[in-house]
Amino acid sequence: MKTILDFAAFKKKNQKITMLTCYDYTFAKLLNQSDVDTLLVGDSVSQVIHGYPTTLHATVAMMELHTAAVAKGAPNKFIISDMPFLSTRKGIKHAVEVAGTLMKAGAQAVKIEGAKGHEKLIQHLVESGIPVMGHLGLTPQSIHQLGGPKIQGRDDASAENILNDALALEKAGCFSLVLECIPTELSRKVTYALQIPTIGIGASAHTSGQVLVLQDMLGLNADFKPKFLKKYSNAADTTIAAINSYVAEVRTQKFPQAQHSYE
Ligand code: KIV
């Protein structure tokens with residue numbers, strides 16, 4: 001299993017870090033057999049698995065349950081679990097309890113969106129033995145404050161803000177940082193300015209690694225086609241075709257046959 005020391009070593013060696021989201025035991029078992037470096041139990045579970053419109057609906061109980069399932073399926077992977085919406089905003093005591101719950105469920109680190117107001121908490125978690133990954137740029141938990149899923153850091157002021165936040169997160173003790181949907185040049189600048197690795201999604205190739213939502217990169221979500229996404233398979237079509245073959249064979253009595261039946 002990788003550790004936060006490997007994250008640091010990857011950055012030093014200029015070796016790209018690979019991360020994918022995972023929410024369930026079945027995919028965790030497959031990912032455990034893959035070459036991917038690390039898994040994120042993202043709060044995108046709220047949308048991808050539970051069908052909510054945003055990540056705001058992810059709860060501590062939801063994150064705990066999915067983290068435990070992933071940990072059981074992928075014992076050889078470094079697992080990072082998202083601190084859900086507002087769980088970092090109810091005081092340090094509450095946040096420590098939430099982080100502890102996720103770690104006990106099987107995570108090796110937690111991810112926190114945004115920097116402002118989180119510096120002390122991150123320092124406290126790190127001093128308490130909990131590795132923290134930051135998340136800047138398009139932070140989905142602030143989707144309404146940001147006015148929608150828009151590219152962040154396009155103007156000078158907001159780019160400088162993201163760079164300063166990244167430096168603050170590094171100073172607070174984050175071992176790594178997700179950069180979501182920011183322009184190429186800003187991504188390069190932030191990655192260059194930091195000692196810790198950056199993991200990009202919609203943040204160009206100028207990061208220390210990349211993350212995608214598993215279901216999106218497998219092509220399970222046919223309608224989701226943002227510019228940053230590359231689909232590595234067409235799993236939606238393959239899955240529907242397999243289901244329809246099953247339905248047709250049941251209807252025409254081609255399935256089950258003798259080899260599927262008990263004497
Ligand atoms: O929840 C999530 O899937 C994430 C990734 C987009 C980085 O935070």
Side-chain angles (χ1 to χ4, degrees), residues 7 16-24 27-28 31 36-60 62-67 69-70 74 77-88 98-99 102 105 107-115 118 131-143 146 148-153 162 165-166 169 174-182 187 190-191 196-204 207-218 220-221 224-231:
F7 276 74
K16 296 287 184 187
I17 299 164
T18 56
M19 180 157 94
L20 285 169
T21 62
C22 184
Y23 318 110
D24 72 291
F27 270 129
L31 285 159
V36 76
D37 295 309
T38 180
L39 304 181
L40 171 68
V41 185
D43 56 359
S44 51
V45 67
S46 156
Q47 293 145 292
V48 180
I49 301 298
H50 294 276
Y52 287 111
T54 66
T55 61
L56 272 57
H57 302 271
T59 62
V60 177
M62 196 187 277
M63 297 308 299
E64 181 185 15
L65 199 62
H66 288 283
T67 300
V70 172
K77 297 295 177 187
F78 185 82
I79 297 167
I80 301 150
S81 193
D82 259 332
M83 298 276 284
F85 181 54
L86 295 182
S87 64
T88 56
V98 173
L102 299 178
Q108 280 83 40
V110 297
K111 178 162 77 61
I112 294 177
E113 288 188 11
H118 283 151
V132 180
M133 175 178 266
H135 186 156
L136 294 176
L138 173 55
T139 43
Q141 290 174 13
S142 304
I143 196 84
L146 298 174
K150 297 178 191 310
I151 309 300
Q152 301 297 305
I162 290 173
D165 279 355
L169 288 178
C174 283
F175 72 94
S176 177
L177 172 62
V178 166
L179 293 174
E180 181 164 351
C181 291
I182 61 168
S187 192
V190 172
T191 303
I196 59 170
T198 56
I199 314 273
I201 175 163
S204 83
T207 51
S208 320
Q210 297 291 326
V211 56
L212 285 175
V213 168
L214 180 67
Q215 280 78 352
D216 295 345
M217 60 81 77
L218 288 178
L220 275 165
N221 191 356
F224 189 58
K225 298 172 189 159
K227 187 176 180 192
F228 67 77
L229 177 63
K230 178 168 176 184
K231 297 191 181 186

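We count ligands from 1, going down the list as the structure has it; atoms in each ligand are counted the same way. Counting begins at 1 with the first residue of the sequence.
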Can you tell me how far NZ of K16 sits from OG of S208, rounded to the nearest 0.5 angstrom? 6.5 Å
Below 4.0 angstrom from a heavy atom of H135, which ligand 1 atoms are there? Numbered from 1 as shown, please. 8 (O)
Enumerate the atoms of ligand 1 whose separation from the nearest heavy atom of G42 is less than 4.0 angstrom. 1 (O), 2 (C)
How far apart are the C-alpha atoms of F228 and I201, what are their side-chain angles, what is the distance that settles it, and do they pass the side chain to side chain contact (heavy atoms under 4.5 Å, CB included) test? CA-CA 7 Å; F228 67 77; I201 175 163; 3.7 Å; yes
Is there at least one pair of N or O atoms, one from Y23 and one from ligand 1, spaced under 3.5 Å apart? no
K111 heavy atoms, cut-off 4.0 Å: which ligand 1 atoms fall inside? 4 (C), 8 (O)
Start with the C-alpha gap between I199 and S176, add the side-chain angles, then the distance that decides, and say whether side chain to side chain contact (heavy atoms under 4.5 Å, CB included) holds. CA-CA 7 Å; I199 314 273; S176 177; 3.6 Å; yes
Do D37 and M19 come within less than 4.5 Å of each other through their side chains, counting heavy atoms only? no
Within ligand 1, which atoms have a heavy atom of E180 less than 4.0 Å away? 6 (C)
Are the side chains of Y23 and V213 in contact, using a 4.5 Å heavy-atom criterion? yes
Short version for I199: what comes under 4.0 Å of ligand 1, heavy atoms counted, is neither
Heavy-atom side-chain proximity of F7 to T38 below 4.5 angstrom: yes
For T21, the ligand 1 atoms whose distance to one of its heavy atoms is below 4.0 Å: 3 (O)
S44: numbered ligand 1 atoms lying under 4.0 Å from its heavy atoms: 1 (O), 2 (C), 3 (O)
Name every donor-acceptor pair, under 3.5 Å, that has one atom in a side chain of residues 51-59 and the other anywhere in the protein, sequence neighbours excluded.
{"from": "T54", "atom 1": "OG1", "to": "L56", "atom 2": "N", "distance (Å)": "3.2"}
{"from": "T59", "atom 1": "OG1", "to": "M62", "atom 2": "N", "distance (Å)": "3.0"}

Numbered atoms of ligand 1 (with element) below 4.0 Å of L40, judged on heavy atoms: 2 (C), 4 (C), 5 (C), 7 (C), 8 (O)
